[in-house]
Visitor: 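Below you will find the structure I want to go over with you.
When reading the values below, keep in mind they use all heavy atoms of this one structure, side chains included, and skip hydrogens, waters and symmetry mates. In what follows, chains are A, B, ... by sequence order, proteins preceding strands, each numbered from 1.
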Amino acid sequence: MAPKNDGPTKKVMNKGAWTAEEDRRLAEYIEIHGAKRWKTVATKSGLNRCGKSCRLRWLNYLRPNIKRGNISDEEEDLILRLHKLLGNRWSLIAGRLPGRTDNEIKNYWNSHLSKKINQKEKTVATSTAPEANPQKAWGVEEGE
DNA sequence: AATGCACACAACCGCGACACC
DNA sequence: TGGTGTCGCGGTTGTGTGCAT
């Protein structure tokens, strides 16, 4: 499909998956000028992307020292404990896991751990004879 | 071999916080 | 002190891929 004429004033930003060329340009720009003023990064680097998009791409994918995939048992355990402590404060949790990003942890939680926890809760609920104390077994507190 | 489904991950969106003028 | 612009975060959606039927 041939692109339509967008008109003289309106500039349409790129969306969707990043290309290798875009990655290269972003990394190159940040290497020279640093990762600050994302709006400027977006415009000056010549990428037709918004600052937000550049920031996300850099933090979650291009930044050096990023660990990707293979979350170890220790890391998983740490995530579980930190989540219990902090709740959905993914950036704080990520801060405790060197090389991991908040987005990755959030994704991991949503696809793996939330299910695990649901299953755990179910087994606990069934194993602790509900008829002895039904309210506690179903997590019902008087104040609620 | 084709199709449908579930899962994993990348990216977008909306909103609140913060900095600067 | 209020207004405006930018950033950062969390929630959500879109898309690609592998697996089962």
Side-chain angles (χ1 to χ4, degrees), chain A residues 1-128 130 134-144:
Chain A
M1 225 197 283
K4 279 186 187 168
N5 187 353
D6 285 323
T9 51
K10 191 166 183 186
K11 195 173 182 187
V12 180
M13 290 286 170
N14 270 355
K15 273 192 178 183
W18 281 66
T19 64
E21 171 65 13
E22 286 177 312
D23 282 346
R24 194 188 58 75
R25 284 172 87 152
L26 179 61
E28 200 175 86
Y29 183 92
I30 288 174
E31 202 169 299
I32 296 166
H33 298 93
K36 50 190 176 183
R37 305 291 301 176
W38 288 109
K39 187 122 193 267
T40 315
V41 171
T43 49
K44 299 263 173 153
S45 62
L47 293 163
N48 196 21
R49 297 270 184 179
C50 65
K52 260 185 181 185
S53 187
C54 293
R55 177 186 161 274
L56 202 69
R57 185 64 179 172
W58 173 256
L59 291 179
N60 291 322
Y61 199 85
L62 299 174
R63 205 163 42 127
N65 307 323
I66 280 196
K67 278 194 233 167
R68 303 183 56 75
N70 294 328
I71 290 185
S72 66
D73 288 346
E74 293 101 74
E75 285 176 311
E76 187 181 304
D77 185 55
L78 192 56
I79 292 169
L80 282 166
R81 284 190 296 166
L82 286 169
H83 184 267
K84 214 171 185 179
L85 207 67
L86 303 167
N88 293 0
R89 312 288 297 278
W90 305 116
S91 58
L92 286 179
I93 295 173
R96 303 272 173 173
L97 290 157
R100 299 293 183 186
T101 70
D102 55 351
N103 207 34
E104 188 181 14
I105 291 169
K106 182 169 61 181
N107 280 331
Y108 188 73
W109 179 270
N110 287 331
S111 52
H112 294 80
L113 299 181
S114 60
K115 277 180 206 162
K116 257 193 187 178
I117 284 188
N118 275 344
Q119 276 190 343
K120 235 187 189 175
E121 278 175 358
K122 270 190 187 170
T123 51
V124 167
T126 49
S127 64
T128 55
Q135 281 198 329
K136 271 205 170 163
W138 296 106
V140 179
E141 293 292 336
E142 277 186 273
E144 299 269 338

Visitor: Please determine whether a side-chain nitrogen or oxygen atom of A:R49 lies at a distance below 4.0 Å from atom OP1 or OP2 of B:dC12.
Guide: yes
Visitor: Can you measure A:W58 atom CH2 to C:dC9 atom C1' for me and round it to whole angstrom units?
Guide: 20 Å
Visitor: Hey, does A:N107 reach any base, or is it just sugar-phosphate, or nothing, if we go heavy atoms under 4.0 Å?
Guide: base
Visitor: Report yes or no: is there a donor-acceptor pair, N or O only, under 3.5 Å between the side chain of A:K52 and the base of B:dG14?
Guide: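 Indeed there is one.
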Visitor: Among C:dG10, B:dA11, C:dC7, find the nucleotide with the atom closest to the side chain of A:R37.
Guide: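 Shortest atom-to-atom distance from the side chain points to C:dC7.
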Visitor: Using atom types as modelled and distance alone, determine if a side-chain donor or acceptor of A:S53 lies under 3.5 Å from a backbone N or O of A:C50.
Guide: no
Visitor: With a 4.0 Å cut-off on heavy atoms, is A:G51 in touch with a base, just the backbone sugar-phosphate, or nothing at all?
Guide: nothing
Visitor: Could you check which of C:dG8, B:dA8, B:dC12 has an atom nearest any side-chain atom of A:H112?
Guide: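 Output: B:dA8.
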Visitor: Has A:W90 got a side-chain N or O lying under 4.0 Å from the OP1 or OP2 atom of C:dG11?
Guide: yes
Visitor: Of all the choices, C:dG10, C:dC7, B:dA8, which nucleotide is nearest to the side chain of A:R89 once you look at every atom?
Guide: C:dG10
Visitor: Can you tell me how far P of B:dA11 sits from CD of A:E104, to the nearest Å?
Guide: 13 Å
Visitor: Between A:R49 and A:W18, is NZ or CZ placed under 6.0 angstrom from the six-membered ring centre and within 45° of the ring axis?
Guide: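 Here A:R49 passes the 6.0 Å and 45° test against A:W18.
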Visitor: To the nearest Å, how far apart are A:R100 CZ and C:dC9 C1'?
Guide: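 Between C1' of C:dC9 and CZ of A:R100: 20 Å.
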Visitor: Looking only at side-chain atoms of A:K106, point me to the closest of C:dT6, C:dT12, B:dC15.
Guide: C:dT12
Visitor: Does A:S91 make a side-chain N or O approach to OP1 or OP2 of C:dC9 shorter than 4.0 Å?
Guide: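 So the side-chain polar atoms of A:S91 do come within 4.0 Å of the phosphate oxygens OP1 or OP2 of C:dC9, strictly under.
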Visitor: Can you name the nearest heavy-atom pair linking A:T19 to A:E22, along with the distance?
Guide: N-OE1, 3.0 Å
Visitor: Would you say A:W109 reaches C:dG10's phosphate, i.e. side-chain N/O to OP1/OP2 under 4.0 Å?
Guide: no
Visitor: Considering every strand and a 4.0 Å limit on heavy-atom distances, what is the contact class for A:N60: base, sugar-phosphate, or nothing?
Guide: nothing
Visitor: Check this for me: A:E31, atom CD, are more than 12 non-hydrogen atoms of other residues, nucleotides or ligands nearer than 6.0 Å?
Guide: no
Visitor: Using whole Å, what does the distance between atom C1' of nucleotide C:dG10 and atom CG of A:L86 come to?
Guide: 14 Å
Visitor: Could you work out which one of B:dA11, B:dA8, C:dG11 sits closest to the side chain of A:L56?
Guide: B:dA11
Visitor: Quick check on A:K44: does its NZ atom have over 12 non-hydrogen neighbours (other residues, nucleotides or ligands) under 6.0 Å away?
Guide: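 Incorrect, the count does not exceed 12.
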Visitor: Taking only side-chain N and O atoms of A:R55, does any of them lie within less than 4.0 angstrom of OP1 or OP2 on C:dC9?
Guide: yes
Visitor: Return the value, rounded to whole Å, for the distance between atom CG of A:D102 and atom C1' of C:dG8.
Guide: 9 Å
Visitor: Take the angle between the ring planes of A:H83 and A:W90 and call it parallel below 30°, perpendicular above 60°, tilted in between.
Guide: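 Aromatic pair A:H83/A:W90 classed parallel.
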Visitor: Given atom NZ of A:K15 and atom P of C:dT12, what is their separation to the nearest angstrom?
Guide: 18 Å
Visitor: For a quick check, tell me whether the side chain of A:N103 and the base of B:dA11 share a donor-acceptor pair closer than 3.5 Å.
Guide: yes
Visitor: From CD1 of A:I105 over to C1' of C:dG10, roughly how many Å is that when rounded to an integer?
Guide: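 Going from A:I105 (CD1) to C:dG10 (C1'), I get 13 Å.
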Visitor: Nearest whole angstrom, please: distance from the P of C:dG8 to the CG of A:L92.
Guide: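 Going from A:L92 (CG) to C:dG8 (P), I get 14 Å.
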